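Encoded as structure tokens, the structure appears first; notes follow it.
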Amino acid sequence: MHRSAIANFPPQFLRQYPSIQASIVNRVAKPCDVFINHRGIDTKRTVVTLLYDHLFRQNLHPFLDNKNMKPGDKLFDNINSAIRKCKVGVTVFSPRYCESYFCLHELALIMESKKKVIPIFCDIKPSELRVLNDGKCPMEDIRRFRWAIEEAKYTVGLTFDSMKGNWSEVVTSASDIIIETLVEIESEKQMQRHKSTPILRA
């Protein structure tokens with residue numbers, strides 16, 4: 001939801017329910033918890049949107065390009081910033097995922113930023129992921145993308161067959177893993193803060 005969405009609420013409604021206005025502003029301003037990396041034409045209308053909506057209802061702050069960006073936003077600037085600020089990356093791999101420069105760029109940046117990554121292999125096996133050199137990408141990018149794909153291949157994730165599986169089950173499983181990961185990350189941060197706090201002696 002964008003800041004402009006607040007304008008859709010009647011002023012008298014927001015005055016009557018200030019907590020709702022505060023909630024909307026907070027949701028807009030807060031950096032995302034989860035960045036969802038995917039190839040839109042393959043999975044946006046299915047598992048990706050279901051996952052985004054499920055996380056949103058859990059009061060988390062997922063990032064999805066068509067949900068968090070508006071006309072006039074700089075594509076790479078906003079996406080790169082969201083990846084760097086997020087706590088967890090979710091990568092939804094699909095049969096034609098590796099054909100997308102944008103998908104591979106996002107994945108590489110997630111890996112380079114050393115974010116916790118949760119892969120979802122949708123209708124594809126990890127061993128089938130390959131970055132092909134079609135001559136349109138600089139070799140430096142190809143090497144970067146291949147490295148990121150190899151990292152993802154050897155990361156434990158969820159597998160899903162859309163012909164046999166249940167969308168609700170994979171979304172619920174992914175959400176549970178994401179929430180558990182976020183709790184672990186927050187616990188680690190609190191422990192680090194506790195260790196760095198000086199002990200005052202009387």
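All heavy atoms count here, side chains included; hydrogens, waters and symmetry mates do not. Every value quoted in this text rests on a predicted model; they were computed, and no experiment measured them.
- Under a 3.5 Å cut-off, the side chain of T46 and the backbone N or O of T43 do form a donor-acceptor pair.
- Atom CG of residue L132 and atom SG of residue C98 lie 8.0 Å apart, to the nearest 0.5 angstrom.
- Rounding to the nearest 0.5 Å gives a distance of 10.5 Å between CD1 of I118 and CD1 of I36.
- When each of V48, V34, N37 is paired with L64, the side chain to side chain contact (heavy atoms under 4.5 Å, CB included) condition holds for V48 and for no other.
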Residue pair V171, D53: steps toward the side chain to side chain contact (heavy atoms under 4.5 Å, CB included) verdict: CA-CA 10 Å; V171 166; D53 290 342; over 6 Å; no
side-chain hydrogen bond (donor to acceptor under 3.5 Å, both in side chains) between N80 and H105, worked out: CA-CA 9 Å; N80 291 356; H105 166 75; 3.0 Å; yes
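- S175 contributes no side-chain N or O that, together with a main-chain N or O of L55, makes up a donor-acceptor pair within less than 3.5 Å.
- Within the model, atoms CG of D65 and CZ of F63 stand 6.5 Å from one another, a figure rounded to the nearest 0.5 Å.
- Using cut-offs of 30° and 60° for the angle between ring planes, the F121 and F93 rings count as parallel.
- Expressed to the nearest 0.5 Å, how far CD1 of I79 lies from CZ of F102 amounts to 7.5 Å.
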CA sep, side-chain torsions, deciding dist, call: I110, F35, side chain to side chain contact (heavy atoms under 4.5 Å, CB included): CA-CA 9 Å; I110 290 169; F35 185 92; 4.1 Å; yes
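- Under the 4.5 Å side-chain criterion, counting only non-hydrogen atoms from C-beta, R146 is in contact with N133.
- Rounded to the nearest 0.5 Å, atoms CG (D176) and CD (Q58) are 8.0 Å apart.
- The pair R143-E140 fails the salt-bridge criterion, with no side-chain N (NZ, NE, NH1 or NH2) lying under 4.0 Å from an Asp/Glu carboxylate O.
- The side-chain heavy atoms of V90 and Y52, taken from C-beta on, include no pair separated by under 4.5 Å.
- Listed for the D123 side chain is no donor-acceptor partner under 3.5 Å among the backbone atoms of P95.
- A donor-acceptor pair under 3.5 Å links the side-chain atoms of D33 to the main chain of H61, judged by distance alone.
- A salt bridge does not link E151 with K115: every distance from a Lys NZ or Arg NE/NH1/NH2 to an Asp or Glu carboxylate oxygen is 4.0 Å or more.
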Full working for side chain to side chain contact (heavy atoms under 4.5 Å, CB included) between L109 and R84: CA-CA 8 Å; L109 188 56; R84 291 189 178 100; 4.0 Å; yes
CA sep, side-chain torsions, deciding dist, call: H38, K44, side chain to side chain contact (heavy atoms under 4.5 Å, CB included): CA-CA 7 Å; H38 68 292; K44 192 184 294 292; 2.9 Å; yes
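- When every heavy atom of C32 is checked against every heavy atom of P62, the shortest pair comes out as CB-C, 4.3 Å.
- Using a 4.5 Å cut-off on side-chain heavy atoms (C-beta onward), V170 and L51 make no contact.
- When atom types are taken as modelled, the side chain of S81 and the backbone of D77 share no donor-acceptor pair closer than 3.5 angstrom.
- Contact between C103 and Y97 at its shortest, heavy atoms only, is O-OH, 3.1 Å.
- Not counting sequence neighbours, the partners of E99 by the salt bridge (Lys or Arg N to Asp or Glu O under 4.0 Å) test are R96.
- By the 4.5 Å heavy-atom criterion applied to side chains, T159 and K125 are not counted as neighbours.
- Under the 4.5 Å side-chain contact rule for hydrophobic residues, L158 and W167 share a cluster.
- Connection of W147 to Y101 is established within a shared hydrophobic cluster, with ILVMFWY side chains joined at heavy-atom distances below 4.5 Å, either directly or through further cluster members.
- In the displayed structure, M139 atom CE is contacted under 6.0 Å by more than 12 heavy atoms of other residues, nucleotides or ligands.
- Here the CZ atom belonging to F160 is positioned 13.0 Å from the OG atom belonging to S94, to the nearest 0.5 angstrom.
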